[in-house]
Colleague: 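Take this structure first; my questions come after.
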Amino acid sequence: MVYRAPVSEMVFMMNAAAGLQEGIAEGIYADLADGMAEATLNEAAKYAENVIGPLHRIGDQVGAKWKDGVVTTPPGWVDAYKQFVEGGWQSVTGSPEHGGMGLPQVLLAGCMDMWSAANMAFMLGPVLTFGAIDALEAHASDEIKHTYLEKMISGVWPATMNLTEPGAGSDLNPLRTRAERQTDGTYKIFGQKIFITYGEHDMAENIVHLVLARLPDAPAGTKGISLFVVPKFMVNADGSLGARNDVRCAGVEHKLGIHGSPTCIMVYGDEGGATGYLVGEENKGLACMFTMMNDARLATGLQGVAIGEASYQHALAYANERKQGRAAGAATPLSPIIAHPDVKRMLMTMKALTASARAVCYLTAGVIDRSRRAKDPAARKAAAERAGLLTPIAKAYSADIGNEVSSLGVQVHGGMGFIEETGAAQFMRDSRIIAIYEGTNGIQAIDLVTRKLAMNGGGVMKAEIADMRTIVEQLRATNDPSFGAMAQRLGEGLDAFERATDWLLGKLGSDVQDALAGATPYLRLFGVMRGGATLGAMALAAQKARAAGDTDPAQAGRIATARFFAENIVVGADGLEATITGAADSVLTADLALAG
């Protein structure tokens, strides 16, 4: 089955979730007017479908290879990256001052959605470069910007993010990579990093590493971390490449999935120290890196959407072709399995979950755009707070959806899904990492409950709940029979979510452990409700289009998807509320020796 980018669905969701048309009218999205968004996505779709899509399977089967410090990517990847650079795709959101197009985040979200669906392992490299560009634009000196940004924005010099060290995982407090000041204003970097995506490869002439390290006199913990640019090759004054820097790849990890993406062990300073350049201020590196990480978290959520979409398309095609059993009322002895209610239920679950995750991610991208592009400073501030609230949901909820939908995709295939040749298993293997990297989903839940929920005394979340209630009231007012019980189920779910929110806000001031025990189910409940409400907004837009004479059957399909989500997924809200508010004791007092 060949992946096909659902461009029309993406554009429709950009309107329903991110307010694309309203933004065009307000001037926030003036650069996407006159069909610019759809035209760009159509071109991005050609790259996804015709260039990197055919390499998806090859990347999995061949994988990235390491030998004597050299990493070779799978066949066809070097040329595919060359086409990515020539197409100007790395420059979509980059600053025009350094050669970028300066287009909004919501457009990049659509591109990342389809590119990751076509070949997630390939796109992991460009994803990190987008984030590194933002980090340097926000925090680097003019000299660093002049030296690196134009090449990075063009894609000629891709970038990496070097955080994790052996034994440390997500915890940066014990970070040991060290930086030593030099008399010329540079720094020497010494240490080892692991799990570095595209830390070494053969697709580009240079690689720009963003590396976290600690100075000798730095404060303990994360308050003593600095960020450095450490190029693979030094850059001469005229912009040409000089000598090889003291950084090398000591090997690549052997992984469950994303085999085509080289996940590297990087060693700095074996031969006297790698030369690095400080980004921002000493001991303030984590704040700089978080600019990159927040971008990566939205991109990671979009990978969950992408894997869900690709897995759904794969399973749908198989279910239409595979004949087994006789469906009720069928005239022939064997029916396509899509005719069986349980298979139809699985496929609709895959479709609706994926749509809900896309809704959350596009909404988040739109809010980020408003935080950067709104004319009113107060509006930008409010949007920035809302983006902070939504980003953990975009990352973690969508990552979970990618895992669940790809697992259902294997189930739709039955026994053949367990066989590698069908391709269903690759989606499941590739998707598993999404819930782990860029801050595990548990860390996202902790961030949501302990930091984001309490913003403005809970006011940011209360405003989010009010926004969702407005959509529910609009749904109630339609009285459209095709909406079924959508409004009622969403309203009941919001009631459960608001009760859980109030309970957690109360616990944060007294029993934070109780709040932490319920953090993950709370994040799930938030994702379900935000996704369901935004799908409700999509259904309202589809109904409006039908009332205006639009006969496209896709409009009825959008309403059906939103209704299915409300009546089959949102109905679990009460159970999640009960887990959040009533199960902390069974978590905190559990004796795992006895339970095991």
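Nothing fancy with the numbering, it's 1 onward along the sequence.
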Colleague: Taking His259 for its side chain and Asp60 for its backbone only, find out whether a donor-acceptor pair lies under 3.5 Å.
Modeller: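 Yes; at least one donor-acceptor contact below 3.5 Å.
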
Colleague: Go through the steps for Arg530 and Asp467 under the test salt bridge (Lys or Arg N to Asp or Glu O under 4.0 Å), then give the verdict.
Modeller: CA-CA 10 Å; Arg530 187 64 267 183; Asp467 178 78; 2.9 Å; yes

Colleague: Please report the shortest heavy-atom distance between Tyr81 and Ala204, naming the atom on each side.
Modeller: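 Answer, listing the atom of Tyr81 first, then Ala204: CE2-CB, 4.5 Å.
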
Colleague: Could you go through Asn42 and Glu38, starting from their C-alpha distance and side-chain angles, then the distance that decides it, and tell me whether this counts as side chain to side chain donor-acceptor pair (under 3.5 Å)?
Modeller: CA-CA 6 Å; Asn42 278 320; Glu38 189 165 7; 4.5 Å; no

Colleague: Just do the side-chain contact (heavy atoms from CB on, under 4.5 Å) check on Gln444 and Leu523 with the steps written out, would you?
Modeller: CA-CA 8 Å; Gln444 303 302 317; Leu523 186 148; 4.1 Å; yes

Colleague: Is any side-chain heavy atom of Pro262 closer than 4.5 Å to a side-chain heavy atom of Trp66?
Modeller: no

Colleague: So do Ile433 and Gln303 actually touch side chain to side chain, heavy atoms under 4.5 Å?
Modeller: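 Side chain of Gln303 against side chain of Ile433, heavy atoms only: no contact under 4.5 Å found.
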
Colleague: Check the pair Asp113 / Tyr362 against side chain to side chain donor-acceptor pair (under 3.5 Å), numbers first and verdict last.
Modeller: CA-CA 10 Å; Asp113 185 345; Tyr362 285 20; 2.8 Å; yes

Colleague: Is the shortest side-chain heavy-atom distance between Glu309 and Glu9 below 4.5 Å?
Modeller: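 No - every pair of side-chain heavy atoms lies 4.5 Å or more apart.
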
Colleague: Taking the six-membered ring for Trp and the single ring otherwise, decide whether the centroids of Tyr437 and Phe195 are under 6.0 Å apart.
Modeller: no

Colleague: Are Glu420 and Arg429 close enough for a salt bridge, meaning some N to O gap below 4.0 Å?
Modeller: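 A salt bridge links Glu420 with Arg429.
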
Colleague: Would you say that more than 12 heavy atoms from the other residues, nucleotides or ligands in this model lie under 6.0 Å from the CZ of Arg432, or not?
Modeller: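 At most 12 heavy atoms, drawn from other residues, nucleotides or ligands, come within 6.0 Å of this atom.
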
Colleague: Do the ring planes of His413 and Tyr318 sit parallel (below 30°), tilted (30 to 60°) or perpendicular (above 60°)?
Modeller: parallel

Colleague: Run the side-chain contact (heavy atoms from CB on, under 4.5 Å) check on Leu298 and Asn294 step by step: do they pass?
Modeller: CA-CA 7 Å; Leu298 175 56; Asn294 280 330; over 6 Å; no

Colleague: Is Met346 close to Thr349 at the side-chain level, that is, under 4.5 Å between some pair of heavy atoms?
Modeller: no

Colleague: Judged by modelled atom types alone, do Ser431 and Ser406 share a side-chain donor-acceptor pair under 3.5 Å?
Modeller: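 Looking only at side-chain atoms, Ser406 and Ser431 do form a donor-acceptor pair, the distance falling under 3.5 Å.
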
Colleague: With a 4.5 Å heavy-atom cut-off, do Val85 and Gln90 have their side chains touching?
Modeller: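 When only atoms from C-beta onward are counted, Gln90 and Val85 do not touch, as no gap falls below 4.5 Å.
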
Colleague: For Gln411, does the CD atom sit with more than 12 other heavy atoms under 6.0 Å from it, leaving out its own atoms?
Modeller: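 Result for CD/Gln411: open.
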
Colleague: Passes side-chain contact (heavy atoms from CB on, under 4.5 Å), Val472 versus Met486? Steps please.
Modeller: CA-CA 8 Å; Val472 172; Met486 195 190 316; over 6 Å; no

Colleague: Measure the acute angle between the ring planes of Phe122 and Trp77, then classify it against the limits of 30° and 60° as parallel, tilted or perpendicular.
Modeller: perpendicular

Colleague: According to the interplanar angle, ranging from 0 to 90°, do the rings of Phe427 and His56 count as parallel (below 30°), tilted (30 to 60°) or perpendicular (above 60°)?
Modeller: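 Aromatic pair Phe427/His56 classed parallel.
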
Colleague: What do the steps show when you test Asp369 against Gln105 for side chain to side chain donor-acceptor pair (under 3.5 Å), and what is the final call?
Modeller: CA-CA 6 Å; Asp369 283 332; Gln105 194 72 31; over 6 Å; no

Colleague: Using the rule given for salt bridge (Lys or Arg N to Asp or Glu O under 4.0 Å), can you reason through Asp550 versus Lys544, listing the C-alpha separation, both sets of side-chain angles and the distance that settles it, and then say yes or no?
Modeller: CA-CA 9 Å; Asp550 188 342; Lys544 183 178 180 180; over 6 Å; no

Colleague: Is there side-chain contact between Leu128 and Met292, with heavy atoms separated by less than 4.5 Å?
Modeller: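 Side-chain contact under 4.5 Å: yes.
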
Colleague: Would Arg524 pass as a cation-pi partner of Tyr397, given that its NZ or CZ must be under 6.0 Å from the six-membered ring centre and within 45 degrees of the axis?
Modeller: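 Negative - Arg524 is either too far from the ring of Tyr397 or too far off its axis.
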
Colleague: Are any of the side-chain nitrogens in Arg558 or Asp552 under 4.0 Å away from the carboxylate oxygens of its partner?
Modeller: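 A salt bridge is absent here (no side-chain N lies under 4.0 Å from a carboxylate O).
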
Colleague: Do Leu453 and Tyr522 make a side-chain contact, defined as non-hydrogen atoms from C-beta onward lying under 4.5 Å apart?
Modeller: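 Yes, their side chains come closer than 4.5 Å.
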
Colleague: Please assess Thr73 against Asp202 for the test side chain to side chain donor-acceptor pair (under 3.5 Å), listing each intermediate value before the final yes or no.
Modeller: CA-CA 7 Å; Thr73 52; Asp202 57 355; 2.6 Å; yes

Colleague: Within a strict 4.5 Å, meaning less than it, do heavy atoms of the Met114 and Tyr47 side chains meet?
Modeller: no

Colleague: Check whether Ser335 reaches the backbone of Arg326 with its side chain - one donor and one acceptor, N or O, closer than 3.5 Å.
Modeller: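 No, Ser335 side chain to Arg326 backbone: no donor-acceptor pair under 3.5 Å.
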
Colleague: Go through the side-chain N and O atoms of Gln474 and Arg476 and say whether any donor and acceptor fall under 3.5 Å apart.
Modeller: no

Colleague: Starting from the C-alpha separation in whole Å, work towards a yes-or-no answer on salt bridge (Lys or Arg N to Asp or Glu O under 4.0 Å) for Arg469 and Glu498.
Modeller: CA-CA 11 Å; Arg469 287 208 182 277; Glu498 188 160 23; 3.0 Å; yes

Colleague: Look at Glu438 together with Lys395 and state whether they make a salt bridge at an N to O cut-off of under 4.0 Å.
Modeller: no

Colleague: Between Asp79 and Lys82, does the salt bridge (Lys or Arg N to Asp or Glu O under 4.0 Å) criterion hold? Intermediate values first, please.
Modeller: CA-CA 5 Å; Asp79 183 63; Lys82 179 182 177 183; 5.3 Å; no

